[in-house]
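Only heavy atoms go into these numbers, but all of them, side chains included; no hydrogens, no water, no symmetry mates.
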Amino acid sequence: MSVRVRFAPSPTGYLHIGSARTALFNYLYARHTGGKFLLRIEDTDLARSTDESTRSILEGLAWLELEHDEDVVFQSDNADKHREAARRLLAEGKAYRDFTPKEEAGDGNIKEAIKERARAQGSEKNMRDNPFRDLSAEESDERAASGEPFAIRLKVPEVGKTVFEDAVYGLQERDYKETEDLVLLRSDGHPLYNLAVVCDDIEMQITHVIRGQDHLTNTHKQILIYEALGVTPPIFAHLPLIMAPGKGKLSKRKHGEVVSMTTYRDAGFLAAAFRNSLALLGWSAGEEQEIYSLKELVEKFSLEGIHRSNAIFNFSENDPRKWTDNKAIWMNAEYIRTMPLHDLLPFVKTELKANKLWREEYEPEGRALASVIDSTEVSEAFPEGEDRPVARAVDVRKVGTYDWYVHTVDLIRARFFTLKDFSTQGRAYFSEDFDFDPAAITKNLTKFPDLETWLPELATRFEAEFDDEPAHLNDLDPGTEEPVALRTHSGKLVYNEANIETVVKAFTEEKGTKLGVIMNGARTLLTGVAVGPSMLSVFETIGLERTLMRLRSRVAWN
RNA sequence: GUCCGGUUCGUCUAGGGGUCUAGGACACCGCCCUUUCACGGCGGCAACACGGGUUCAAAUCCCGUACCGGAUACCA
């Protein structure tokens, strides 16, 4: 029988890290085995379920690219079937009506209240002491017919135990006396979770239930229901939990945004990178590799590789550099700087567009970049799997062209952690309207007051020495195709790294200062930040015109 | 309280009786490169929860203790 797994979130909030990981593992298992990955929304708790949550969960799954098979099942649509199952068990004497008046839930912490009550009862509690458990069928029917409200509870046998082999945790046993006669149907007729799950899993022909370890005890109750229903239970695989730093519960309430999937999307994470780091939380292929493509994850995933101990999602709220798990941040950076450039470009485009930094000129030859990359024309744009476009920069790349854009992204991505960095740290490459980092100004500018006159002077020097005119093709070295002529036809120097270095070094010597002083001062004026690629590349990439303008600008000095 | 589960560097983890003076990654700290740097290179710090067994041999198997987590609802 082919594998059928499901991800069954309850729509009571956004998709959080734990659920996302559960969804991922289910997805990977399905794809690995060639089975189906189904999605079921467990919305039986009408009071807490919202459409907004459902949308948000679907959105999160879509972002992670965990595509499900078949139609989404809404558990509430099956309520009639659940009720029917409860009635059947009642008729067969495997369940009974409990006429105990419903206890009103007190306000405050429900979890705490339950724990308190359980503690008070201790081991003394007899799970079979419900007075209605052995009520005669006649009396039960009579009272029901008279309109007395009742819940339907499963009649758990007096002696014996539930046993199942968990694919992760191994053999699990639980004595019946530890399990109460659980409620199947509420007195208002609404089916309860354990009944609904079992019925739906049967109906959806689920073969493997992969879910959080917090369901381990529910599983025993569910097995009881399977047995009562006369159906063989599926295979269960429980996942260790993802905890907060300090081993506490990772909660929306306490930890806020770090647990929400949308946070990562909005923070400029690549889904592939986040998915990759999620996969490593509670699972390992037993090797030292850590960067896995989705394809590799699918190939290597196995239930045997799942751990039994909880993992901590490590972050510290007060450190902006560690606002979320460090390894996740690192992995995102790793993806950004090592993934094929043509895979990264669409994401950068989206980011730039969102910040009004995108220019149509960045489109390759006027065509939509995405369509070029996705279509068969890819070979034309990127011959033989090359990351870079075919157009070679025989001259200085003209600022604002597609060629320049690709080169720039490639240049600046090395030090970036998220997609957001392209529009923040990297803003000065794409716009005249960028901010200056106060720390950079202090460190590289105001510390050397001479720079206030030197840098505009450098601009004048550049203006005298350089020309934006490209070198002529004739000047190319036939062997390397690199421009050999350092001068343009007007007799000025080509504005490229080698020449810039010569000019800046000479200028530095004249001023009797260190190269770093000039370079870092220029970096601050040109890019607004203190870190980045080699300054020679920066000069060239920003282009002569903008370099002159920015070196002369007074903005940073005021 | 009771039941269930877990415990290897700060964090994610490798490890399934000898190859473990415990490996990798992130973070951190040094050094190198360099005009700076959150790129890169090299290096360092740092862990088998504790106590008993079993065995020639235990991080690995067994038992206990401690700690942590989960569950204990007419929530899911």
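- Taking the C1' atom of each, B:U54 and B:C28 are spaced 41 Å apart, rounded to whole Å.
- Of the two residues contacting RNA chain B, namely A:E334 and A:W330, the nearest-nucleotide position lying further toward the 5' end is that of A:W330.
- Between B:C26 and B:C20, the two C1' atoms lie 23 Å apart (nearest whole Å).
- Of the candidates B:C4, B:A14, B:U35, B:A14 carries the atom nearest the A:S284 side chain, counting heavy atoms from C-beta on.
- Between B:G44 and B:G53, the two C1' atoms lie 39 Å apart (nearest whole Å).
- Residue-level contact check: A:I152 touches neither bases nor backbone, having no heavy atom under 4.0 Å from any strand.
- Between A:D98 and A:R153 there is a salt bridge, since at least one side-chain N of the basic residue sits less than 4.0 Å from a carboxylate O of the acidic one.
- The aromatic rings of A:F466 and A:F462 sit perpendicular, their planes meeting at an angle over 60°, well past the 30° parallel limit.
- Rounded to whole Å, the distance from CG on A:L515 to C1' on B:U34 is 10 Å.
- Nearest-nucleotide assignment on RNA chain B puts the 5′-proximal partner with A:V517, out of A:V517 and A:M243.
- Here, B:C50 and B:A66 have their P atoms 16 Å apart, quoted to the whole Å.
- B:C75 and B:C68 are spaced 25 Å apart, taking the C1' atom of each and rounding to whole Å.
- Distance CZ (A:R523) to C1' (B:C37): 7 Å, rounded to an integer number of Å.
- Between the side chains of A:T217 and A:H220, not a single donor N or O lies within less than 3.5 Å of an accepting N or O.
- Atom CG in A:L536 sits about 12 Å away from atom P in B:U36, given to the nearest Å.
- The closest side-chain heavy-atom distance from A:L451 to A:I518 is below 4.5 Å.
- Using a 4.0 Å heavy-atom distance criterion, A:G212 is classed as making no nucleic acid contact.
- What separates CG of A:N276 from P of B:C26 is a distance of 13 Å, to the nearest Å.
- At the heavy-atom level, A:G286 lies under 4.0 Å from the strands shown only through sugar-phosphate atoms.
- Under the Watson-Crick or G-U wobble criterion, with both distances below 3.5 Å, B:G69 is paired with B:C4.
- Judged by Watson-Crick or G-U wobble contacts below 3.5 Å, the nucleotide B:U60 has no partner.
- Residue A:H307 has a polar side-chain atom (N or O) positioned under 4.0 Å from OP1 or OP2 of B:A14.
- For the P atoms, the distance linking B:C48 with B:G23 amounts to 13 Å, nearest Å.
- A:E290 comes within 4.0 angstrom of a nucleotide base, judged by non-hydrogen atoms across all strands.
- Taking atom CD of residue A:Q289 and atom C1' of nucleotide B:C26, one finds them 16 Å apart after rounding to whole Å.
- Using a 3.5 Å distance cut-off with no hydrogens or angles, the side chains of A:R97 and A:S140 do pair a donor with an acceptor.
- When Watson-Crick and G-U wobble pairs are counted only if both distances are under 3.5 Å, B:G17 pairs with no nucleotide at all.
- Using a 4.0 Å heavy-atom distance criterion, A:N520 is classed as a base contact.
- Atom CG in A:L281 sits roughly 16 Å away from atom P in B:C26 (whole-Å rounding).
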Strictly under 4.0 angstrom, non-hydrogen atoms only: write out the protein contact profile of nucleotides 71-76 of chain B, one letter per nucleotide from the 5' end, B, S or -. SBBBBB

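- As a whole-Å value, the separation of A:Y176 OH from B:C3 C1' is 16 Å.
- Taking the six-membered ring for Trp and the full ring otherwise, the centers of A:W323 and A:F315 sit at least 6.0 Å from each other.
- Counting non-hydrogen atoms under 4.0 angstrom, A:F417 reaches a base of the nucleic acid.
- Rounded to whole angstrom, the span from the CG atom of A:N326 across to the P atom of B:A38 amounts to 15 Å.
- A:E290 has a carboxylate O that lies under 4.0 Å from a charged side-chain N of A:K327, or vice versa, which qualifies the two as a salt bridge.
- Contacts of A:T179 with the nucleic acid, taken as non-hydrogen atoms under 4.0 Å apart, are absent.
- A:M331 comes within 4.0 angstrom of nothing in the nucleic acid, heavy atoms only.
- Of the listed nucleotides (B:U11, B:G6, B:A14), B:U11 has the atom at the smallest distance from the side chain of A:D325.
- Pair assignment for B:G10: B:C26, on the basis of Watson-Crick or G-U wobble contacts that are both within less than 3.5 Å.
- At a threshold of 4.0 angstrom between heavy atoms, the contacts of A:Q425 include nucleobase atoms, whether or not backbone atoms are also involved.
- Note on A:P533: a base of the nucleic acid sits closer than 4.0 angstrom, heavy atoms only.
- Base-pair partner of B:U35: not found among the strands shown (Watson-Crick or G-U wobble, both distances under 3.5 Å).
- Under a 4.0 Å N-O distance rule, the pair A:K177/A:E158 does not qualify as a salt bridge.
- B:G69 and B:C74: their P atoms are spaced 25 Å apart (whole Å).
- Taking the charged nitrogens against the carboxylate oxygens, A:E457 and A:K511 do have a contact shorter than 4.0 Å, which makes a salt bridge.
- B:C45 and B:U34 have their P atoms separated by 27 Å, given to the nearest Å.
- Of the charged side-chain nitrogens involved, at least one lies within less than 4.0 Å of a carboxylate oxygen, so that A:E501 and A:K505 count as a salt-bridged pair.
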